[in-house]
Amino acid sequence: MFATILIHIICSYLATVAFAIITNVPRKTLNACGWTGATGWMAFWLFQNFHLGVGAASMAGAFVVAVCSHFFAKYKKMPITIFNIPGLVPLVPGGLAYQAVRNFVLGDYIEAIGFTVQVGVVAGAIAAGIMLSEIFNHSIRRFRENKEQI
């Protein structure tokens, strides 16, 4: 079990860093980007292992990525998108999208529609996870501002 977790962490970290290099993020942020992607993937993986569904797992992963991105953005004094975009790469349903297109090409439309619906669910869950994180961060910021005014 430990070896499986370690492999998932290493692979998601490397995938995130590789995408960050391709998109020319600053060199000093590569490690933070990698950890953002790895923590988001581990949240996704844990939810998947508890059989909570791909939608809930994707939402949890995106939420964790967005929270980590917010933390690293403040810590490194950089824009949040530098950490957010590469961090979401491990969660993107590329394999499902490939299967959907493949089945459309092969003429298996029922199977293709099933994969397309899964892609839509995952994409919507990722968007919802990011949105929930922004609401969470905004609420914390507002609470701190109101606390200081009292």
Legend entry - Hydrophobic cluster membership, F71 vs I82, 4.5 Å side-chain cutoff: yes

Inset, instruction - Taking all non-hydrogen atoms of both residues into account, name the closest pair between P26 and T29 and its distance. - result: O-OG1, 2.7 Å

Could you pull out all donor-acceptor pairs under 3.5 Å where a side-chain atom in residues 98-126 meets a protein atom, sequence neighbours excluded?
residue : atom : partner : partner atom : Å
N103    : ND2  : Q99     : O            : 2.8
T116    : OG1  : A112    : O            : 2.8

Inset, instruction - May I ask you to list the residues sharing a hydrophobic cluster with V89, side-chain cutoff 4.5 Å, ordered by chain and number? - result: F19, I85

Legend entry - Residues which pass side chain to side chain contact (heavy atoms under 4.5 Å, CB included) with A32, listed by chain and number, not counting sequence neighbours: F72, K76, F83

Inset, instruction - Establish whether F50 and M1 are linked, either directly or via other cluster members, by ILVMFWY side-chain heavy-atom contacts under 4.5 Å. - result: no

Legend entry - Heavy-atom pair of closest approach, residues V65 and G87: CG2-O, 3.5 Å

Inset, instruction - State the CD1-OG1 distance between I21 and T16, to the nearest 0.5 angstrom. - result: 11.0 Å

Legend entry - Atom pair OG (S12) and CD1 (I7), whose distance is rounded to the nearest 0.5 Å: 11.5 Å

Inset, instruction - Give the cluster check for V17 versus V92: same hydrophobic cluster or not, with ILVMFWY residues linked at side-chain heavy-atom distances below 4.5 Å. - result: no

Legend entry - Separation between OG1 of T81 and CG of L88, rounded to the nearest 0.5 Å: 11.0 Å

Inset, instruction - List in chain and number order the residues that pass ring pair (Phe, Tyr, Trp, His ring centres under 6.0 Å) with F63, two or more places apart in sequence or in another chain; answer none if no residue qualifies. - result: F136

Inset, instruction - Could you list the residues that satisfy side-chain hydrogen bond (donor to acceptor under 3.5 Å, both in side chains) with N84, not counting sequence neighbours? - result: S69

Legend entry - Side-chain touch H70/S133, heavy atoms, less than 4.5 angstrom: no

Inset, instruction - For the pair H138 and E134, evaluate side-chain contact (heavy atoms from CB on, under 4.5 Å) and give the outcome as yes or no after the intermediate values. - result: CA-CA 6 Å; H138 183 72; E134 289 303 315; over 6 Å; no

Inset, instruction - Please name the pair of heavy atoms, one in S58 and one in L91, separated by the smallest distance, quoted to 0.1 Å. - result: O-CD1, 4.4 Å

Legend entry - Shared hydrophobic cluster for L14 and M42 (ILVMFWY, side-chain gaps under 4.5 Å): yes

Legend entry - hydrophobic_cluster_shared for I130 and I135, side chain cutoff 4.5 Å: no

Inset, instruction - Enumerate the residue pairs fulfilling side-chain hydrogen bond (donor to acceptor under 3.5 Å, both in side chains) with a member in residues 34-55, sequence neighbours excluded, ordered by first and then second residue. - result: H8-W41, H8-W45, N31-W35

Inset, instruction - Taking all heavy atoms of A56 and all of F47, pick out the closest pair and write down the distance. - result: O-CD2, 3.9 Å

Inset, instruction - Compare every heavy atom of V25 with every heavy atom of C33, then report the nearest pair and how far apart it is. - result: SG-CG2, 4.4 Å

Inset, instruction - Give, for atom OG1 of T4 and atom CD1 of I9, the distance between the pair rounded to the nearest 0.5 Å. - result: 11.0 Å

